[in-house]
Protein chains: 2
Amino acid sequence: MTSNQDLKYKLDDQIGFILRRANQRHTGIFSDLMPDELTPTRFAALVRLLECGTLSQNQLGRLTAMDVATIKGVVDRLRERGLVESIRDRNDARRQSISLTERGRMAVLAAIPRATEVTEKTVSGLSETERDTLMALLAKIT
Amino acid sequence: MTSNQDLKYKLDDQIGFILRRANQRHTGIFSDLMPDELTPTRFAALVRLLECGTLSQNQLGRLTAMDVATIKGVVDRLRERGLVESIRDRNDARRQSISLTERGRMAVLAAIPRATEVTEKTVSGLSETERDTLMALLAKIT
DNA sequence: TCCAATTTATTAGCATGCAAATGATATGGC
DNA sequence: GCCATATCATTTGCATGCTAATAAATTGGA
């Protein structure tokens, strides 16, 4: 079966492929610099709770770009680690209200400087202008 | 526990968070337009095999940004679907040589126009110049 | 020729990521 | 008051994604 070097479709030129690679590099830097118990998605959930206070699980998922099944698992693991607590909402029995525990609050506050380093390192090959441009263009395709 | 709207660290401004969202939008478009049996990673593997001809599993993983355990699973599923075949390399018994079957070749050739649409749709909100800029900047952070 | 180091692949385990189905609860129109 | 529709959460199942451990095979230097 002959190879197709003259194929017009180039994987390396596809936005999806390069997004995946950029994402992988970022998560690699994240796991290098952040505490082992904090994955990108867990950290995002904690930051949102820090920003917003108590949220329903559904709302927390929406604010962290996570599917309902995914946020369920993330909240379970954060609760197992004592970083959040969930209580059934008193006004709406369908809802779980999620909030940071004191330990969770301290953990996320302690991790934020490191997370800032993660971001810095991820974009370290770019100038300030390039960083702003990249963020703006990525925002346009989300 | 008071909220922290004045927190300096903004999740929405972190490259990792926005990369994840961009990636999710892309994979959503991908699953909308591509045949059900082709996921982004399977498709990438097939395209590489089309481009390069026979590859070792390890090499295929490297060329598709997949970990050795991940590419093992992807190749298994492609083989289960009759899209690739793997044969132990005759010169190096550690290696599996992976190649497209005729069915795999036809499937990937048929899917490429759709994949082109996926890319087009993902970046449809950008001008031509912006697309080039985005690709260049992403390439700089991989 | 021997063996340490390296390479390739497999396996196990944990963590997302998402579609689809399901159940409980809330909402709003008739 | 009833009921269709919507919302929130859970569950199941499949697909990555990766680390770490393991085994088999290759390589290259002593």
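Computation of the quantities below employed the complete heavy-atom set of this structure, encompassing side-chain atoms and omitting hydrogens, waters and symmetry-equivalent molecules. Naming: A, B, ... by sequence-line order, numbering from 1 per chain.
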May I have the distance from B:Leu55 (atom CG) to C:dT8 (atom P), rounded to whole angstrom?
12 Å

Looking at A:Phe17, is B:Arg48 sitting on its ring face, NZ or CZ under 6.0 Å from the six-membered ring centre and within 45 degrees of the normal?
yes

Take atom CZ of B:Arg88 and atom C1' of C:dT7, then tell me their distance rounded to the nearest Å.
13 Å

Calculate the interatomic distance between A:Gln57 atom CD and C:dA24 atom P; express it in whole Å.
18 Å

Should the heavy atoms of other residues, nucleotides or ligands under 6.0 Å from CZ of A:Arg88 be counted, would the total exceed 12?
yes

Quick one: closest heavy-atom pair of A:Leu78 and A:Ala45, and the distance?
CD1-CB, 3.9 Å

A:Asp89 CG to C:dT27 P, straight-line distance once rounded to whole Å:
11 Å

Within residues 21-35 of chain A or reaching into it, pairs that qualify as side-chain hydrogen bond (donor to acceptor under 3.5 Å, both in side chains) - sequence neighbours excluded:
A:Arg21-B:Thr142

Between B:Pro113 and B:Thr116, is any pair of side-chain heavy atoms under 4.5 Å apart?
no

Hey, does the side chain of A:Arg42 come within less than 4.0 Å of C:dA15's phosphate (OP1/OP2), counting only N and O?
yes

Please enumerate all residues that pass side-chain contact (heavy atoms from CB on, under 4.5 Å) together with B:Ala107, with sequence neighbours excluded.
B:Leu83

Range on DNA chain D touched by chain A - first to last nucleotide, heavy-atom distance under 4.0 Å:
D:dA6 to D:dC18

Under the salt bridge (charged side-chain N to carboxylate O under 4.0 Å, His left out) rule, what pairs show up with a residue in residues 63-85 of chain B, not counting sequence neighbours?
B:Lys72-B:Asp76, B:Asp76-B:Arg79

Kindly state which residues belonging to residues 58-73 of chain A come within less than 4.0 angstrom of DNA chain C, counting heavy atoms of the residue only, listed by number.
A:Asp67, A:Ala69, A:Thr70

Compute the angle between the rotation axes at the two ends of the helix from C:dT1-D:dA30 to C:dC30-D:dG1, each taken over five pairs, rounded to 10 degrees.
10°

For B:Val68, which fellow cluster members are found when Ile, Leu, Val, Met, Phe, Trp and Tyr are connected by side-chain heavy-atom distances below 4.5 angstrom, either directly or through intermediates?
none

Let me know, please, whether A:Ala93 or A:Arg77 comes out on the 5' side of the other along DNA chain C by nearest nucleotide.
A:Arg77

Listed partners of A:Ser97 passing side-chain hydrogen bond (donor to acceptor under 3.5 Å, both in side chains), at least two apart
A:Asp89

Please evaluate the base of C:dT7 for a donor-acceptor partner in the side chain of B:Arg94 within a cut-off of under 3.5 Å?
yes

Between residues 11-36 of chain B and DNA chain C, which residues have a heavy-atom gap below 4.0 Å?
B:Arg20, B:Gln24

Quick test of your reading: applying salt bridge (charged side-chain N to carboxylate O under 4.0 Å, His left out), list the pairs with at least one residue in residues 128-142 of chain B, sequence neighbours left out, ordered by first then second residue.
A:Glu130-B:Lys140, A:Lys140-B:Glu130, B:Glu120-B:Arg131

Among all residues two or more places apart in sequence or in another chain, which pass the salt bridge (charged side-chain N to carboxylate O under 4.0 Å, His left out) test with A:Glu37?
none

Let me know the distance between CG of A:Leu83 and P of C:dA15, rounded to the nearest Å.
13 Å

Among Ile, Leu, Val, Met, Phe, Trp and Tyr joined by side-chain contacts under 4.5 Å, find the other residues sharing a cluster with B:Leu126 and list them by chain and number.
A:Ile15, A:Ile18, A:Leu19, A:Val123, A:Leu126, A:Leu134, A:Met135, A:Leu137, A:Leu138, A:Ile141, B:Ile15, B:Ile18, B:Leu19, B:Val123, B:Leu134, B:Met135, B:Leu137, B:Leu138, B:Ile141

State, without any angle test, whether B:Gln96 and B:Ser86 hold a side-chain donor-acceptor pair at a distance under 3.5 Å.
no

